[in-house]
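Worksheet for the structure shown next.
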Amino acid sequence: MIKMLRRRLVDLAVVLFGVSILTFAFIRLIPGDAVAIMLGANAEVTPERIEAVRERLGLHLPFYQQYFVWLRDVFTGDFGVSIWTGRPVIEEIAGHVWPTLQLTVLALALAVVLAIPLGILMAQLRGRRAEAFVQAASVIGLTVPPFWLGILMILCLSMVAPHLQLLGYVPFSKDPLGNIARLLLPAIAVSLPILANLARLLRSTLLEAMQQDYIRTARAKGVSRRGLLYRHALRNALIPFVTSVGIMAGYLLGGAIVIEQVFAIPGLGRLILGAIAERNYPLLQATILLVTLSFVLVNLIVDLLYAVIDPRAAK
Amino acid sequence: MNRSCIATLCLALTGPVLFGLPQAASAAPIAVAVDSSPSGLDPHIVTAFSSFQIIEGTIYEGLTALDKSLSIVPGLAESWTISEDGKTYAFKLRSGVKFHSGAAMTSADVAASLQRVMKKETGSPLASRLATVEGIDTPDAETVVIRLSAPTAPLLSSLSSIAIVPAKYLDDVDTLQRKPDGTGAFKFAEWQPNVAIRLVANPDYWQAGLPKLEGVNFDIVPEAATRQVGLASNQYQMLPNINAVTALQLKGQPGVELVDTLELSYTLVGMNVTHPLLGKAKVREAINYAINRDDIVNGALLGAGVPGGPLSPALKQWAASVDRFACFKHDPAKAKALLQEAGVAGPVSLKLLVLPRDDTRAMAQIIQQQLAAVGIDVTLTIPEIGQFVQDWRNSNFDLFISANAGTTEPDDYFYRSFRTGGSTNVFKYSNPELDAQLDRGRAEVDPAARRAIYNEVQSVLACSGPAAFLTYAQLYTGMRSSVEGFDILPNRSLGSLKNVTLK
């Protein structure tokens, strides 16, 4: 266990380092110059002014030097300031983490809580006429784009209940009920494909598990059908399920860009999108690093969960 | 499917969400939905419209102001006198004006604000507007005297766009970006990045009885569909400065009203005169003849706009009627003849750099066809905005199509765009005669004489200048019918929010 943890932490460092180099290179490969974008097209801009801004931002240095300056600062805990707003990058990110975290937890909770009974139901329906219907529904769930569903839900609600305030975001500390209410619609929109995906996964792994030898043995020993399903098959079927949930969590923590855009939620997705459009190098760099970190950490947690589900994995 | 049936479906779709949700709080401040988050709020530093629309006329005011028809009226200066030679302006300040931070505004604050704009370290895009200022005197707390090196007619107009801030910010270029401090009807209260900017009424505002609202909330809502639904459901009371397409979608919705005006902002096809063909005035004129502006208005603006010359028809006191420009009459035969006269034989191919916006993209396609009809083969390049700005600034194009904000003062835009070596003369255009006229226009203080000069400038630019001016669009603001007293302005200013009431 400890050994695994240590190995994983080394992996983490390597991944973060690699990602930091890639991000650094890629964002500078995008055509368009940060300073030109910042100064805009209409303003009166002299070459001296452009040069002055460039120097202030450290963009006059060669690429590799910029990277080392950045790396040195990061090790002292300084992620730089946002090119546009001049505020520390850490502060900017901190303001956007919470909505994304909430949306992730809410969407995942919805998906997982519904996917387990649905998956079991689908497995039990195998061979019956209702199966085709449930399968079709799950394919629809899988393929409906969340942003479309989101817009549709907004439109519908504005017809049915025009007085509800469902757009935007209010901090939990200010208005807890309003906060949850505003996140509910986007969470539903984001969770639908995840729900469909997880339920289908659970169905197929359950059915597969039911074919295994140990199930036949258990059945021969006289274990009831319920016992077979819940105690023996489900536990084994959960491993790929948990892996899948982990990957989804990783993606969601990176910010649901489109849904955040549609529902005007100030999450990491919008922060990243804005940073790319502005060529806001320091902000983008730090945000991507954070997203990578959370992705790797979630995977680590999933691995630890394996040990809980299947003690053999702990070795 | 009838309405109740749709409603039932909707209920089924969203029913679970409806339970136990809070209803809208009583809406005392007005909620204005805007599409992007500003980068900063310092009135002397920002360049983006997303910043201006929040601070201009609401938080900040200048010595002069613009009224509904864009004429200059007194602002923080109650009156002024101009010396015989046009080189000395004396402003008498309004008494009883206070900054949001509490101190009274004096001539020292005005002098410091102007100096702050002129200081190199501030890097203000407004600096060039004060280029002829030689000195600023403050004989007493309520008088400011500006001395100029040469008569500068645009000064009064320029001063309307230069916000007066407390003198203590003279050397501070950081604080005001985050925490504005002005004299306007609304004062800054809170900024949640990517969520909202909240302004509250200024109880000490110098104009008695204003503002009427308790405050203004600028909600940052990037998605157009969301903004529209928000207006329809009264979560937002105003969608300022929207285009015809959006307005059309809002039209007829219950409780939603639209107001409109012709806007200052315009579209144009710019030409790089260093290109061997575009360097010839006849070729540029031919392109003007080949373009059918009515088609563009109908095709790209849904008919909501007008063909326009170098100045917006919204600037009634300056703009020359397009009837005066021969080349604005679509005439492909004449275009072909001109090309022939210019010695252009055989097919020509040009690259058109397109501003990535819906309207300019549509216009580019229309123009591509219109130019093909006279034998000019146009290839479109539609980069993303960052690349566009860079290519534009570096004159890396044969032709470009773009939308510019436009200004109320002709000198402001003509001088930097079309004078030899002007800071946004990306056309690389140089015409000594025009230069001389622009210099005269800048120095001439007599309104009638100035108008004559700029009439001349417009005629030169319209047909053989380095740009084919295309259209001026109709600008709309959508709002709830509960909003009263709002005036939409061609320059997109939301300054009239101070007169607004919410029923």
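Predicted model, so just to flag it, every value in this text is computed and none were measured.
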Inset, instruction - Taking the side chain as every heavy atom from C-beta outward, state whether Q192(B) and P171(A) have any atom pair closer than 4.5 Å. - result: yes
Inset, instruction - Using non-hydrogen atoms and a 4.5 Å limit, figure out which bit of Q228(B) sits close to chain A: side chain, backbone, both or neither. - result: neither
Legend entry - chain B contact via I151(A) - side chain, backbone, both or neither, heavy atoms under 4.5 Å: side chain
Legend entry - chain A contact via R178(B) - which portion, at a heavy-atom distance below 4.5 Å: side chain
Inset, instruction - Can you establish whether the number of heavy atoms outside Y67(A) located under 6.0 Å from its atom OH is more than 12? - result: yes
Inset, instruction - Might you point out which heavy atoms bring N194(B) and H96(A) nearest each other, and give the distance in Å? - result: ND2-NE2, 3.0 Å
Legend entry - For Q261(A) against E223(B), the heavy-atom pair lying closest together: O-CB, 3.3 Å
Legend entry - Nearest heavy atoms of L167(A) and Q235(B), plus distance in Å: O-NE2, 2.8 Å
Inset, instruction - Give, as side chain, backbone, both or neither, the part of Y236(B) having an atom under 4.5 angstrom from any heavy atom of chain A. - result: side chain
Inset, instruction - Could you tell me whether the side chain of T226(B) and the main chain of F263(A) form a donor-acceptor pair under 3.5 Å? - result: no
Legend entry - Where I220(B) and A264(A) come nearest, the two heavy atoms and their spacing: O-CB, 3.9 Å
